[in-house]
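FYI, side chains are in, hydrogens and waters are out, and symmetry mates aren't considered; it's all heavy atoms of this structure.
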Amino acid sequence: MGSAPAPPCLAGQLYRRLPPEDTGEPRLQPKGSEEAKTFVHAFLKRSMPKMKDEAIQDMLTRKAVILEHYPKKKTKQKRKKTKGFTAKQRRELRLFEIEPEQQRYAIFLPLHELWKQYIRDLCHGLKPDAQPHMIQSKLLKADLHGAIVTVTKSKCPSYVGITGIILQEFKHIFKIITKEDKLKVVPKLNNVFSLELDGFISYIYGSKFLLRASERSAKKFKLKGTIDL
């Protein structure tokens, strides 16, 4: 069965537009409100203080606005540098002095054993087929505390033949303890030292070795060249 059409008077009542006050539509400010423009402009000016008014206006009309954050600059606090002892103070405190009762060769033999293992690890094992120049280059930069060295050549004949364990290395000297429990101070200048480990013999030319132990690791040594005593 079909439905009968509504009378014209009733249809007009059904489809009549409701007044705005009855629709519940939100009351929005009309576009172009001067109050809204003023608020947005002031807000952007506070958020982006470094931008000019023309740039802000261009952003509003052409593209989306991305607010930037300007953190306050933190004042860096200067760190106080810790001052170490001067050379004079070190001498007065006798920081590098080895007491007479400690000047015994046997005490430092374990140090020599540790040094030998250190060199073997550094050179990946001193094998017969190892390249001599490779081992020599590593020894030139290695820590020599604990190594047994012998003075083979010298401009001062009294130094020739001195053999012992290096206890201390400074820029210009080695301090060596001999098998006779004598502490010898041997200058590097004008002396040639030999060093033997697992059948490999290396020579140290002291005149070209005037560096502190801590400085040698960064120095580039020339394996070839003339050596003068």
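- Atom CG of Leu111 and atom CG of Leu167 lie 7.5 Å apart (nearest 0.5 Å).
- Alongside Leu210, the hydrophobic cluster contains Leu189 (criterion: ILVMFWY side chains under 4.5 Å).
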Residues 98-110, side-chain donor-acceptor partners within the protein, below 3.5 Å, at least two apart:
residue	atom	partner	partner atom	Å
Gln103	NE2	Ile98	O	2.8

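- Taking all atoms of both residues into account, the shortest heavy-atom contact from Ser207 to Asn190 is OG-N, 3.1 Å.
- There is a path of hydrophobic side-chain contacts, each under 4.5 Å, that joins Leu122 to Ile166.
- Ile204 places none of its side-chain heavy atoms less than 4.5 Å from the side chain of Val192.
- Annotation: the span from Ile165 atom CD1 to Ile148 atom CD1 amounts to 5.0 Å, rounded to 0.5 Å.
- In this structure, Phe193 and Pro187 approach most closely via the heavy-atom pair CZ-O, 3.7 Å.
- Considering NE2 of His112 and CD of Gln117, their distance stands at 12.0 Å, rounded to 0.5 Å.
- Listed for the Glu113 side chain is no donor-acceptor partner under 3.5 Å among the backbone atoms of Lys116.
- Inter-residue side-chain proximity for Trp115 and Leu144 is flagged as met; some heavy-atom pair is nearer than 4.5 Å.
- Both Phe174 and Val151 are part of a single hydrophobic cluster, where members link through side-chain heavy atoms under 4.5 Å apart.
- The shortest heavy-atom contact between Leu139 and Ser202 is CD1-CB, 3.7 Å.
- Without hydrogens or angle criteria, Thr150 side chain to Thr152 main chain gives no donor-acceptor distance under 3.5 Å.
- Contact annotation: the side chain of Leu183 never approaches that of Ile176 to less than 4.5 Å [non-hydrogen atoms, C-beta and beyond].
- Val160 places none of its side-chain heavy atoms less than 4.5 Å from the side chain of Lys153.
- Between Ile173 atom CD1 and Lys171 atom NZ the span is 13.0 Å, to the nearest 0.5 Å.
- For residues 179-194, the set of pairs meeting the salt bridge (Lys or Arg N to Asp or Glu O under 4.0 Å) definition, not counting sequence neighbours, comprises Glu169-Lys188.
- Two residues are said to be in side-chain contact when any heavy atoms from C-beta on lie closer than 4.5 Å; Val186 and Asn191 meet this criterion.
- A pairwise comparison of heavy atoms in Asp143 and Tyr118 identifies N-OH, 3.1 Å as the closest pair.
- Between Leu195 and Phe200 the shortest side-chain heavy-atom distance does not fall below 4.5 Å.
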